[in-house]
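Reminder, nothing fancy here: chain letters follow the sequence lines and each chain counts from 1.
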Amino acid sequence: MNDTGQRRIRVLLAKPGLDGHDQGAKIVARAMMDAGFEVIYTGLRQTPEQVGRISLEEDVDVIALSSMAGSHLPFCRKLKPLLEENGLQDKLWLIGGNLPAQDHDALRELGFKGIFPTGSKLDAIVAYIRENVREHVA
Amino acid sequence: MNDRAQSTLKIVTNESGLEVKPLYTAADVEESGGTTMLGEPGEYPFTRGIHREMYRKQPWTMRQYAGFGNPHDTNQRFKYLIANGQTGLNVAFDLPTQIGLDSDDPLASGEIGRVGMSVDTLRDFEIAFDGIDLDRITVSMTINGAAAIAIAMYLAMAEKRGYDVKKLRGTAQNDILKEFIGRGTWIFPVEPSIKLVGDTIEYCAEHAPKYSPVSVCGYHIRESGATPAQEMAYAFCIAKAYADEVIARGLAVDEFAGRLSYNFNIFGNLFEQVCKFRAGRSLWAKIMKEEYKAEKPGSMWLRMIAAGGGGGLTFEQPELNIVRGAYYALISALSGTQTMALCSYDEAYTIPTEYSARISLRTMQILIEEMGMTETVDPLGGSYYVETMTNEMRKKMEEIIAETDAQGGIVKLVSEGIIQAKVSAQAYQMQRDIESGKFPKVGVNRYRNDNEEDHPVEFHPYNEDDARVQVDGLNKVRAERDSEHVARTLAAVNEAARAGANVMPAIVAAVKAYASVGEITKELVKVYGRYQEPIRF
């Protein structure tokens, strides 16, 4: 709970697949923590099954992925049904990283509402989460 | 200068935390330590370069990082780059290969051939280097966790083609400590990982004495958020950890130190980078001579690959990255590097296309052919500013090394995630400073375009069929090889690991039997276990 009696926004930040470039994920995690969110960072090499399970167990409001090595579409295609099976379709799904513009529509269709390609600003990510999770946690 | 004018000058501090004055004179050089560490090029302490004539005798090797898809695709890219004047190869491997997985491993699905070429068995090395003369062009491999296997495959492939492995030159990155700090392609826990690096150094010292089994990478530490001074200081701490491992086995420093090499990063302030390299060269020579009692000059040389790192590139206004790359190459040349691998302008987005890789290659060729960069050695030497800042950078690096040692040493600090947390905090601060405008970045927080979509970057295409071709190829090798022989060689790998022996002879035998990267890694994991990363902020 924060000082206004609201539950703090809980975010799962995951590094999907085999990519080890986690500097961006860690920077975003710090920005979210500075904004007062609770952040559960998974560390590297998460499978879709692990992301689904941790999201459920940790009862998060936001499921955020950081992908830098081009495997975002195959990963998200596997993750979507797992999140749905766990009843997590009403959570806010985000993805950031090296995401070519031509893949954004496909990611949106898979349920990723927020897309933050390389070059996105930290404050924009934080503001987007506040804006889109507010009703849920109020 | 009157008082009023002076008071308007803001204080300037470089990324390494050293104050930059508006004017330098001979007095600054003296005050900072004089020219006692300057010397002549090719002479201790090598501040001005490790060779006497440097580029006048031979320009730097141009070694663009390349590799994608399956080994057939990569072979074609290698030949394209060589045909365009590239003088060295630098192999990019895909993530499954880098972390020791075969292409048919479920975890490899969706990742095969994406960020580099896929390798399962020796057959893939044979395909990738088909038609490439290994005497005429040296090969560097960017692989770390699975480096022992890749080195074994490279040496086995060369031997099979009739090359004398004793004379074979080349480099493997094989710097696992930096993988724990940044980049993340670790496999085994820290301790056995360092043992494996020691095994490769020891094996190459005996069997392939011209081959460089380790290229210590300050590069990735810098990409993760380290300052230029930290980049070099941590790299030296890591190199010392490997040297200590090998010396503890009874090797003399002069038996292996001459084959250690380095990989450094260039982005940021031109003079800070140039002074970083000049300072680093003399400091490494001093460490080798005074701490390790090396006697051969080659053992004291800071041999390196250095060029523009992706960390300086921007997503915004990508064509500006061509300009940045050209400056990075200039800095690299002024720094006296042996080899350059210049990032391409689209690397903030994707792996380079043929077009963008060629621009990077041409950038280096313009420096060599048109700009006079190879005509004289250490052209900035003697500048009051450069000599003062070189002295100050060296002192800064010495402080960082002393501080690291005082806190328990680099191995302990990396194992506990402390270095990772430190550079990650710095990376966050830098990002905040860029976003607030405190740290200028053209096209990002200065001179932005109204519409960033005006100049879209062409993406190197990913071919989904590459993965199928790769898995089919692996299955074909499995069907053709002598499976009993493979099983015996794999058991020998396991046995050598259990006995604490050098595993390289057993790995070389296994790769020659066409055992796969995944099969050999599994045997090692049974003994060493897998790394569990500490998650610290």
Of the backbone (N, CA, C, O) and the side chain (C-beta and beyond), which part of [X] lies under 4.5 Å from a heavy atom of chain B, both, or neither?
X: A:D123; result: both
X: A:K15; result: neither
X: A:R77; result: neither

Non-hydrogen atoms of chain A under 4.5 Å away: do they reach the side chain of [X], the backbone, both or neither?
X: B:E223; result: backbone
X: B:L101; result: side chain
X: B:P534; result: neither

Quick one: closest heavy-atom pair of [X] and [Y], and the distance?
X: B:F315; Y: A:T118; answer: CD2-O, 3.0 Å
X: A:I27; Y: B:A427; answer: CD1-O, 3.7 Å
X: B:Q431; Y: A:L122; answer: CG-CD1, 3.6 Å
X: A:K121; Y: B:E435; answer: CA-OE2, 3.4 Å
X: A:S71; Y: B:G110; answer: CB-O, 3.5 Å
X: B:I99; Y: A:R45; answer: CG2-NH2, 3.2 Å

For this session: Go through the steps to decide whether A:Q23 and B:S424 satisfy the test side-chain contact (heavy atoms from CB on, under 4.5 Å), and finish with yes or no.
Result: CA-CA 7 Å; A:Q23 190 216 76; B:S424 157; over 6 Å; no

Exercise. Going through the checks in order, is the side chain to side chain donor-acceptor pair (under 3.5 Å) test met by B:S109 and A:K78?
Worked result: CA-CA 11 Å; B:S109 162; A:K78 288 180 209 153; 3.2 Å; yes

Within the supplied structure, the quantity of interest is the number of heavy atoms (other residues, nucleotides, ligands) at a distance under 6.0 Å from [X] [atom1]; does it exceed 12?
X: B:R448; atom1: CZ; answer: yes
X: B:K438; atom1: NZ; answer: no
X: A:Q102; atom1: CD; answer: yes
X: B:K522; atom1: NZ; answer: no

Exercise. Do side-chain atoms of B:R114 reach the backbone of A:G70 as a donor and acceptor pair under 3.5 angstrom?
Worked result: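 Such a contact is found between B:R114 side chain and A:G70 backbone.
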
For this session: Pick whichever of A:G17, A:G97, A:P117, A:A69 has the most heavy-atom pairs under 4.5 Å with chain B.
Result: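 Max contact count across the listed options: A:A69.
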
